[in-house]
Novice: 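First, the structure itself, so that you have it in front of you.
Counting convention: from 1, in listed order, for ligands and their atoms alike.
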Amino acid sequence: MANINFTKRDSFGSKFGIIAATAGSAVGLGNIWRFPYVAGENGGGAFVLIYLGFVFMIGVPVMLSEFTIGRRAKQNAFGSFKTLAPGKPWYLVGLMGIVAAFLILAFYSTIAGWTLEYILQSLTNSFSGKNSAELKQSFETFQSGTFRPILWQIIFMGLTGWIVFSGIKNGIEKYTKILMPLLFALIVVMCIRAVTLPGAMKGLEFLFKPDFSKITWGVVLEALGQAAFSLSIGMGTLITYGSYFNKNTNLATTAVQVSMADTFIAILAGVMIFPAVFAFNLKPDEGFGLVFIVLPNIFEQMAGGYIFSIIFFILLAVAALTSTISVLEVVVAYFVEELKISRKKATVIGSVAISALGILCTLSFGNLGDLKIFNRTIFGVFNDLTANIFLPVGAFLIVIFLGWFLGKKIITDELSNEGTLRIKLLGVFLFIIKFIAPIAIALVFLNSVGIVNFS
Ligand code: PFF
């Protein structure tokens with residue numbers, strides 16, 4: 001019988017709902033905004049190759065580990081560790097995830113707010129007739145403003161809070177099921193337009209032709225951080241979502257399917273962006289604004305660009321929303337289950353606190369631009385610190401927990417749904433989480449200390 005445990009927790013209602021919500025968390029601005037600009041700043045092809053290696057060697061096993069922990073414990077990220085390792089300090093991993101959730105959502109909601117501005121700009125046809133220098137200029141003027149970007153950010157956090165408040169099945173699942181497939185279809189249309197632009201080949205070469213002279217340990221760390229960020233791993237989001245899976249969910253196939261979907265969309269985003277970067281004489285290392293500068297150029301050159309731009313930015317906002325709800329859910333589940341406050345109160349407190357922190361990130365493109373920590377703006381610190389430090393460290397501790405602490409019996413029970421599924425590749429999985437993943441993460445860290453240049 002469904003879900004009559006003492007905490008009376010909500011859960012996902014269907015298999016497709018689980019995939020849509022989890023892929024919804026993974027697929028977001030990380031794929032469409034972050035992946036292209038990070039790849040652009042780190043030399044393209046070789047970065048992409050290392051990124052792919054990390055997704056499958058480390059990302060999939062960590063994702064599966066998080067599902068295992070969450071579904072076993074049926075608790076929030078913090079509570080899951082407390083339940084599975086009573087009296088041991090493993091709950092600190094969960095706590096670190098909750099802190100990471102605050103920091104990620106603070107800067108993520110800045111960019112998510114930009115997508116709302118771009119919906120409005122599309123509706124008012126404001127890309128039309130502008131050349132690429134003018135499009136860049138208008139982005140920079142908006143981005144460095146005060147009132148508008150903050151207003152959009154707050155609206156976005158409001159939307160996030162509203163869905164999280166509605167709960168799992170009637171909130172998160174209901175929306176992601178419809179909107180994710182639509183986003184995918186539209187990206188494919190955009191890719192077709194991008195690769196038929198004059199000079200598109202140069203962009204595809206940049207994305208797919210590895211130039212290994214560009215690789216440093218700093219680049220490798222960026223690839224690891226990007227893989228973790230894009231897959232939503234390392235901070236308990238997937239522990240939290242895993243806790244809402246039902247007992248028939250096949251954890252391994254879910255992890256593989258979600259990771260493949262996520263990676264495919266990131267690559268498609270690259271195929272959509274880089275041909276246009278070169279076709280319009282922009283630079284691939286344009287930074288945070290890359291997609292917001294490049295995409296309007298494509299729409300401007302596209303038959304039906306007006307309509308496509310409206311649909312596209314709506315879907316980009318939706319992709320962001322299906323990710324922000326998953327991050328806020330980490331915080332809310334923790335508040336509700338550990339601090340025993342109502343879901344409504346938890347959502348309000350979480351959203352307001354994060355928005356306050358988020359305003360600092362938004363202003364770091366304008367009034368607070370000169371405030372630098374480790375040579376980065378507040379936005380830059382939150383972005384780099386979470387993706388490149390918190391998430392990989394979290395991922396490292398999660399695989400260590402599973403591989404060396406949780407015990408094979410629990411892992412086998414979860415992966416086989418209490419013996420009802422045949423598990424393939426168990427040995428490979430255990431070997432990866434015990435040895436390969438932790439050693440690889442540790443190596444990347446040790447080698448990139450100093451190179452990352454946090455000063
Ligand atoms: N994976 C999301 C994206 O690619 O946009 C961002 C994200 C969501 C990161 C949830 C971390 C997380 F826990």
Side-chain angles (χ1 to χ4, degrees), residues 20-39 51 54-55 59 62-63 65-67 69-70 76-77 93-94 96-115 156 160 163-164 172 176 179-180 183-184 187 223-243 255 258-270 288 291 315-334 350 354 382-395 398:
T22 313
S25 168
V27 176
L29 296 174
N31 307 59
I32 298 161
W33 159 74
R34 201 176 194 278
F35 174 78
Y37 95 74
V38 175
Y51 167 80
F54 281 141
V55 166
V62 174
M63 187 180 284
S65 303
E66 290 201 28
F67 288 164
I69 294 171
N76 64 89
V93 181
M96 191 176 94
I98 288 144
V99 173
F102 264 87
L103 300 179
I104 287 187
L105 208 43
F107 81 82
Y108 201 94
S109 56
T110 298
I111 312 294
W114 295 356
T115 66
F156 203 95
T160 306
I163 295 185
V164 168
I172 296 177
T176 47
L179 297 163
M180 293 311 293
L183 174 72
F184 176 74
I187 293 183
L224 177 64
Q226 176 58 28
F229 188 84
S230 191
L231 295 171
S232 305
I233 57 172
M235 53 167 272
T237 299
L238 300 181
I239 294 180
T240 311
Y241 269 25
S243 76
V258 169
S259 304
M260 281 178 27
D262 185 68
T263 307
F264 193 48
I265 296 215
I267 298 292
L268 283 182
F288 302 135
V291 279
L315 290 176
L316 186 57
V318 167
L321 192 59
T322 56
S323 299
T324 52
I325 52 184
S326 74
V327 186
L328 186 60
E329 182 60 28
V330 173
V331 175
V332 168
Y334 167 73
I354 291 168
F382 283 21
N383 184 1
D384 288 350
L385 188 70
T386 49
N388 297 346
I389 312 270
F390 272 71
L391 301 188
V393 169
I398 285 166

Novice: Does a donor on one side chain and an acceptor on the other come within less than 3.5 Å for Thr240 and Asn76?
Specialist: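 Not at all, the side chains of Thr240 and Asn76 share no donor-acceptor pair under 3.5 Å.
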
Novice: May I ask you to check whether Asn31 has an N/O atom sitting below 3.5 Å from an N/O atom of ligand 1?
Specialist: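 N/O-N/O distance below 3.5 Å exists for this pair.
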
Novice: Side chains of Thr115 and Phe156: closer than 4.5 Å at any heavy-atom pair?
Specialist: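 In short, these two side chains touch, coming nearer than 4.5 Å.
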
Novice: Quick check on contacts: which atoms of ligand 1 are under 4.0 angstrom from a heavy atom of Thr237?
Specialist: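 Under 4.0 Å from Thr237, ligand 1 has these atoms: 10 (C), 12 (C), 13 (F).
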
Novice: Just need the protein heavy atom nearest to atom 9 (C) of ligand 1, so name the residue and atom and give the distance.
Specialist: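 The closest heavy atom on the protein side is Phe229 O, 3.3 Å.
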
Novice: At a non-hydrogen distance cut-off of under 4.0 Å, which region of Ala26 contacts ligand 1 (side chain, backbone, both, or neither)?
Specialist: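 The part of Ala26 near ligand 1 is the backbone, not the side chain.
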
Novice: Between Phe288 and Tyr37, how do the two ring planes meet: parallel, tilted or perpendicular, split at 30° and 60°?
Specialist: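 The rings of Phe288 and Tyr37 stand perpendicular, inter-plane angle above 60°.
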
Novice: Going through the distances and angles, do Glu329 and Thr237 end up as a side-chain contact (heavy atoms from CB on, under 4.5 Å)?
Specialist: CA-CA 8 Å; Glu329 182 60 28; Thr237 299; over 6 Å; no

Novice: Going by the atom numbers of ligand 1, which of them fall below 4.0 Å from some non-hydrogen atom of Gly30?
Specialist: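 Answer, ordered by atom number: 3 (C), 4 (O), 5 (O).
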
Novice: Taking 4.0 angstrom as the limit and counting only heavy atoms of Met235, give me the atoms of ligand 1 inside it, by number and element.
Specialist: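 Answer, ordered by atom number: 11 (C), 12 (C), 13 (F).
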
Novice: Taking the side chain as C-beta and beyond, is there a heavy-atom pair between Leu231 and Ser259 under 4.5 Å?
Specialist: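 Heavy-atom side-chain distance check passes, below 4.5 Å.
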
Novice: Using distance alone, determine whether Leu29 and ligand 1 share an N or O pair under 3.5 Å.
Specialist: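 Yes; the residue has a nitrogen or oxygen that sits under 3.5 Å from a nitrogen or oxygen of the ligand.
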
Novice: Would you call Phe382 and Phe102 a side-chain contact if the rule is heavy atoms closer than 4.5 Å?
Specialist: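 Not in contact.
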
Novice: Is it the case that ligand 1 has an N or O less than 3.5 angstrom from some N or O of Val27?
Specialist: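 By distance alone, the answer is no.
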
Novice: Pairing donors with acceptors under 3.5 angstrom, does anything connect the side chains of Ser25 and Ser232?
Specialist: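 On atom types as modelled, these side chains qualify, holding a pair under 3.5 Å.
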
Novice: What residues form a side chain to side chain donor-acceptor pair (under 3.5 Å) with Ser109, not counting sequence neighbours?
Specialist: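 For Ser109 the side chain to side chain donor-acceptor pair (under 3.5 Å) partners, ignoring immediate neighbours, are Gln153.
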
Novice: Considering heavy atoms of the protein only, find what lies nearest to atom 8 (C) of ligand 1 and give residue, atom and distance to 0.1 Å.
Specialist: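 Minimum-distance protein heavy atom for atom 8 (C) of ligand 1 reads Ser232 OG, 3.2 Å.
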
Novice: Within ligand 1, which atoms have a heavy atom of Ser326 less than 4.0 Å away?
Specialist: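 With Ser326 as reference, the close atoms of ligand 1 come out as 10 (C).
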
Novice: Give the atoms of ligand 1, by number and element, whose distance to some non-hydrogen atom of Ser25 is under 4.0 Å.
Specialist: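 Counting atoms of ligand 1 from 1, those under 4.0 Å from Ser25 are 1 (N), 2 (C), 8 (C), 10 (C).
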
Novice: Backbone, side chain, both or neither: what part of Tyr108 comes under 4.0 angstrom of ligand 1, heavy atoms only?
Specialist: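 For Tyr108, only side-chain atoms sit under 4.0 Å from ligand 1.
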
